[in-house]
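Taking it in order: structure first as structure tokens, then the write-up.
Keep in mind that this is a model prediction, so the values were computed, not measured. Sequence lines set the chain letters: A, B, ... in the order given, protein chains first and strands last, and positions in each chain run from 1. Keep in mind that the numbers below use all heavy atoms, side chains included, and drop hydrogens, waters and symmetry copies.
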Number of protein chains: 2
Amino acid sequence: MGEPARAETPRDRPSKAKRRILDAAARLFHERGFARCTVRELADAVGILSGSLFHHFRSKDEILFAVMEEVIAEMDAALAEALARAADTESRLRVLIRTQLQFIHGPRGHAAAVLVYEWDALSPEGQARLLEGRARYFRQWEEVLDEARQAGLTDTDPTVLRQLIHGAVVWTVNWFDPQGPMSVEDLEQAVLALILK
Amino acid sequence: MGEPARAETPRDRPSKAKRRILDAAARLFHERGFARCTVRELADAVGILSGSLFHHFRSKDEILFAVMEEVIAEMDAALAEALARAADTESRLRVLIRTQLQFIHGPRGHAAAVLVYEWDALSPEGQARLLEGRARYFRQWEEVLDEARQAGLTDTDPTVLRQLIHGAVVWTVNWFDPQGPMSVEDLEQAVLALILK
DNA sequence: ATACCAACCAAGCACTTGCTTGGTATTGTG
DNA sequence: CACAATACCAAGCAAGTGCTTGGTTGGTAT
């Protein structure tokens with residue numbers, strides 16, 4: 001008793017249909033770009049007609065928003081958890097890079113790429129609603145980078161360093177192939193070498 | 001006598017109208033994205049009607065191509081010339097970073113950003129026609145980076161390093177403001193610090 | 001004056017876009 | 001079973017898309 005079983009889709013646990021839409025959207029928005037991907041294309045990928053999408057989302061824009069909102073929360077949580085396990089500064093630095101690389105080149109890579117590369121396609125209102133979560137994620141980065149500077153591992157300003165490293169890491173979407181000869185661990189090492197002196 | 005004055009627009013020196021279209025296109029394609037920017041918008045910015053654009057270019061796609069083709073040639077030439085003036089390895093490394101940063105944050109910044117961020121919006125044929133020029137530019141990068149490795153300034157693979165640095169540098173479009181407190185020279189120094197150990 | 005031509009306008013065509021509407025299966029619950 | 005609620009289809013609308021067409025203009029060379 002208590003509350004009925006219909007606490008189905010409070011906000012954080014999408015229904016099966018929504019799940020399929022979000023996954024397909026992440027992939028297509030990444031592969032083809034948000035503006036070039038039509039609702040018909042997306043519906044085709046899900047296996048429904050285009051109009052049916054609007055039973056689950058009010059607009060195409062809201063689908064983009066949902067993809068981004070979800071992956072921000074995931075990345076923030078994953079980073080917080082991984083950092084909590086890391087003891088010394090250098091391993092925390094490593095965790096920073098590793099978490100981001102694993103997201104971008106792992107199963108949630110499409111969503112992560114969409115977050116980065118389609119930010120400007122999101123409506124200003126959508127951007128505003130996501131700012132807080134994004135800022136929280138970046139704050140974790142800067143805390144670690146600041147810690148690294150105090151430990152003498154680097155002497156670049158944490159904010160500048162975060163932006164530079166973030167750029168280098170997200171750009172790997174465009175050239176790095178996890179199936180190729182270079183492993184994600186190798187890549188992680190190369191990025192880490194950029195920070196450490 | 002000789003040839004008539006109408007050696008006007010051989011290929012490399014766009015007419016005044018084309019010049020205005022290309023400049024407006026570079027700005028708009030960067031600010032709004034190629035897909036979201038309509039031919040009417042572009043025509044408005046130039047001060048003509050949308051149909052008149054097609055007197056100068058065969059398609060919207062060809063305008064994007066022209067913007068990219070031009071800026072590739074410029075960057076390649078600028079880098080070659082600047083490298084020729086640099087004596088030692090470290091200053092050649094600095095020239096590499098400086099040239100790219102100056103392009104991205106200088107008067108041709110819009111075109112340079114379009115080249116980087118709208119590459120996927122270009123037709124496959126267009127991409128193929130630009131590959132050679134792009135490869136030539138990247139080859140210059142890798143030659144310097146390889147030289148730096150042989151000099152013991154770094155020990156990361158040149159290709160990997162090029163991609164990482166390139167990512168960090170082009171991403172500055174999204175956060176760095178040349179008018180802000182940090183100068184381009186400061187930024188150049190920060191990027192250089194990533195490479196040198 | 002004449003001939004010419006690049007540059008542009010005015011209008012609109014064929015098509016695609018995101019989204020709506022009204023109805024029908026399908027599903028879970030008392 | 002009844003009965004909602006959910007998920008979906010079928011059809012299409014209004015607005016916007018890239019691009020075309022036929023014609024006008026203003027300047028330049030003959």
Side-chain angles (χ1 to χ4, degrees), chain A residues 1-11 13-25 28-29 32-67 114 118 121-126, chain B residues 1-11 13-25 28-29 32-67 114 118 121-126:
Chain A
M1 4 187 91
E3 38 188 346
R6 81 172 67 162
E8 347 121 316
T9 312
R11 186 54 161 178
R13 206 168 296 184
S15 70
K16 263 179 194 163
K18 268 191 170 168
R19 184 68 276 139
R20 273 160 54 220
I21 293 172
L22 287 175
D23 288 343
L28 287 176
F29 290 172
R32 312 224 330 112
F34 178 73
R36 279 181 298 267
C37 173
T38 71
V39 293
R40 282 166 241 265
E41 239 178 320
L42 175 55
D44 274 358
V46 178
I48 59 179
L49 287 194
S50 69
S52 305
L53 286 176
F54 297 90
H55 175 75
H56 302 279
F57 296 94
R58 262 175 304 204
S59 66
K60 185 190 174 191
D61 195 86
E62 197 183 78
I63 299 178
L64 177 61
F65 177 86
V67 169
V114 167
E118 299 294 338
L122 189 62
S123 65
E125 308 89 74
Chain B
M1 15 183 82
E3 37 187 348
R6 80 173 69 159
E8 345 121 313
T9 311
R11 184 54 162 179
R13 207 169 295 182
S15 70
K16 263 178 194 162
K18 267 191 170 166
R19 183 69 276 140
R20 272 159 56 219
I21 293 172
L22 288 176
D23 288 343
L28 287 175
F29 291 172
R32 314 223 330 112
F34 178 73
R36 278 181 300 265
C37 173
T38 71
V39 293
R40 282 165 241 265
E41 238 179 320
L42 174 56
D44 274 358
V46 177
I48 58 178
L49 287 193
S50 69
S52 305
L53 286 176
F54 297 91
H55 175 73
H56 302 277
F57 296 94
R58 263 176 304 211
S59 66
K60 184 190 174 192
D61 195 87
E62 198 184 78
I63 300 178
L64 177 62
F65 177 86
V67 169
V114 166
E118 299 295 339
L122 189 62
S123 65
E125 309 90 73

Would you indicate which nucleotide in [options] comes nearest to any side-chain atom of [X]?
| X | options | value |
| --- | --- | --- |
| A/Ile48 | D/dG18, D/dC9, C/dC19 | D/dC9 |
| A/Arg40 | D/dT20, D/dC8, C/dT17 | C/dT17 |
| B/Leu49 | C/dC9, C/dG18, D/dC19 | C/dC9 |

Starting at the 5' end of DNA chain C, which residue's closest nucleotide do you reach first, A/Ser52 or A/Thr38?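 It is A/Thr38 whose nearest nucleotide is closer to the 5' end.
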
Distance, rounded to the nearest Å, where [X] contributes [atom1] and [N] contributes [atom2]:
| X | N | atom1 | atom2 | value |
| --- | --- | --- | --- | --- |
| B/Leu64 | D/dC19 | CG | P | 12 Å |
| A/Arg36 | C/dT16 | CZ | C1' | 16 Å |
| B/Lys60 | D/dG16 | NZ | C1' | 12 Å |
| A/Leu28 | C/dG18 | CG | P | 12 Å |
| B/Lys16 | D/dG27 | NZ | P | 13 Å |
| A/Asp44 | C/dT16 | CG | P | 14 Å |
| A/Leu53 | D/dT6 | CG | P | 18 Å |
| A/Leu42 | C/dC19 | CG | C1' | 14 Å |

Taking only side-chain nitrogens and oxygens of A/His55, does any of them come within less than 4.0 Å of OP1 or OP2 of D/dA7?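 Yes.
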
Has A/His56 got a side-chain N or O lying under 4.0 Å from the OP1 or OP2 atom of D/dC8?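 True: A/His56 side-chain N/O within range (under 4.0 Å) of D/dC8 OP1/OP2.
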
Quick check against the 3.5 Å criterion: does B/Arg36 have a side-chain atom that pairs as donor or acceptor with the backbone of B/Arg32?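 Checking the backbone N and O of B/Arg32 against the side chain of B/Arg36, a donor-acceptor pair under 3.5 Å is found.
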
For B/Arg40 and B/Ser50, indicate whether the former's side chain and the latter's backbone hold a donor-acceptor pair under 3.5 Å.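 No; zero donor-acceptor contacts below 3.5 Å.
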
Determine whether A/Arg19 and A/Leu22 make a side-chain contact, defined as any pair of heavy atoms from C-beta on separated by less than 4.5 Å.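 With C-beta onward as the side chain, the pair touches.
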
With the side chain counted from C-beta on, respond yes when A/Phe65 and A/Glu125 share a heavy-atom pair under 4.5 Å apart, and no when they do not.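 Result no, sub-4.5 Å side-chain heavy-atom pair not found.
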
Heavy atoms only: give me the nearest B/Val46-B/Ile21 pair and the separation to one decimal.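 Reported closest heavy-atom pair: CG2-CA, 3.9 Å.
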
Assign A/Ser50 to base, sugar-phosphate, or nothing according to its heavy-atom contacts below 4.0 angstrom with the strands shown.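 Touches a base.
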
